[in-house]
Amino acid sequence: DVRGFAQRVHFYSSMAYKVVREVFSLPALRTLRRWSAGVDASPGWTDLSFFSLKSYVSTLNRPLLLTLMLDGMSIKKHASYDKINDKFVG
C-alpha cells in the first residue's frame, strides 16, 4: 500500500523520499508526521509485537526457539520522573 511504502522510504532516507515524491504521488511530510503521531512509542512491550510473533509462530510446522536480548540506555539529563503515571518524561 502507498502508506506503508511512503513511511518505509521516509524512514530510511528523508532525502530519498523527497526525490521519490517528485516522481510519484506520495503524501506530504505533514501527513507522514500525522500518521506517526498515532503510534504508541512508549517504552516496554507492545501488544502488536506479541501479536506479530504469535502470528508468525502459528505459520510454522516446527517448534521455535527464541532468544530475548535486552539493552539498556541512559536517560537524558533533562528527563524527569512522573510519579502519577510511573514513567519518565522529557
Side-chain angles (χ1 to χ4, degrees):
D1 74 20
V2 173
R3 181 176 178 163
F5 174 74
Q7 288 175 319
R8 215 170 299 118
V9 171
H10 186 263
F11 173 77
Y12 287 111
S13 171
S14 58
M15 209 48 181
Y17 184 80
K18 290 176 184 177
V19 172
V20 172
R21 189 167 186 259
E22 291 175 4
V23 178
F24 298 104
S25 177
L26 293 177
L29 291 176
R30 183 175 179 193
T31 304
L32 291 179
R33 281 190 217 104
R34 220 174 32 240
W35 288 342
S36 299
V39 175
D40 178 20
S42 58
W45 302 101
T46 63
D47 292 335
L48 180 59
S49 60
F50 283 119
F51 176 76
S52 298
L53 185 60
K54 184 177 179 180
S55 297
Y56 174 73
V57 170
S58 68
T59 64
L60 299 176
N61 295 327
R62 58 182 171 77
L64 180 69
L65 298 175
L66 298 173
T67 301
L68 178 62
M69 296 176 62
L70 302 174
D71 189 12
M73 60 188 250
S74 62
I75 299 172
K76 293 181 182 178
K77 291 184 180 181
H78 67 277
S80 60
Y81 181 71
D82 180 1
K83 292 179 183 178
I84 296 171
N85 294 315
D86 190 32
K87 64 181 180 179
F88 286 94
V89 291

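We count residues from 1, following the sequence as given.
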| message | Hydrophobic clusters here meaning ILVMFWY residues chained together by side-chain heavy-atom distances under 4.5 Å, can you tell me if Phe51 and Tyr56 are in one? | response | no
| Verify same cluster id: Val23, Met15 (apolar side-chain graph, 4.5 Å) | no
| Can you list the residues that meet the side-chain contact (heavy atoms from CB on, under 4.5 Å) rule with Leu29, with sequence neighbours excluded? | His10, Tyr17, Lys18, Leu32, Arg33
| message | Can you confirm whether more than 12 heavy atoms, excluding those of Tyr81, are under 6.0 Å from its OH atom? | response | yes
| Transitively linked via ILVMFWY side-chain contacts under 4.5 Å: Phe24 with Phe11? | no
| note | Between the CG atom in Asp1 and the CD atom in Gln7, the distance rounded to the nearest 0.5 Å is 8.0 Å
| query | Can you list the residues that meet the side-chain contact (heavy atoms from CB on, under 4.5 Å) rule with Ala28, with sequence neighbours excluded? | reply | Arg21, Thr31
| What are the two closest non-hydrogen atoms of Val9 and Ala16, and how far apart are they? | CG1-C, 4.2 Å
| For Phe50, what residues pass the ring-ring contact (aromatic ring centres under 6.0 Å, His included) criterion, not counting sequence neighbours? | Trp45
| message | Val57 vs Leu66, test: side chain to side chain contact (heavy atoms under 4.5 Å, CB included). Steps then yes/no. | response | CA-CA 11 Å; Val57 170; Leu66 298 173; 5.5 Å; no
| Just by distance, do the side chain of Ser52 and the backbone of Ser49 share a donor-acceptor pair under 3.5 Å? | no
| query | Has Asn85 got more than 12 heavy atoms of other residues, nucleotides or ligands less than 6.0 Å from its CG? | reply | yes
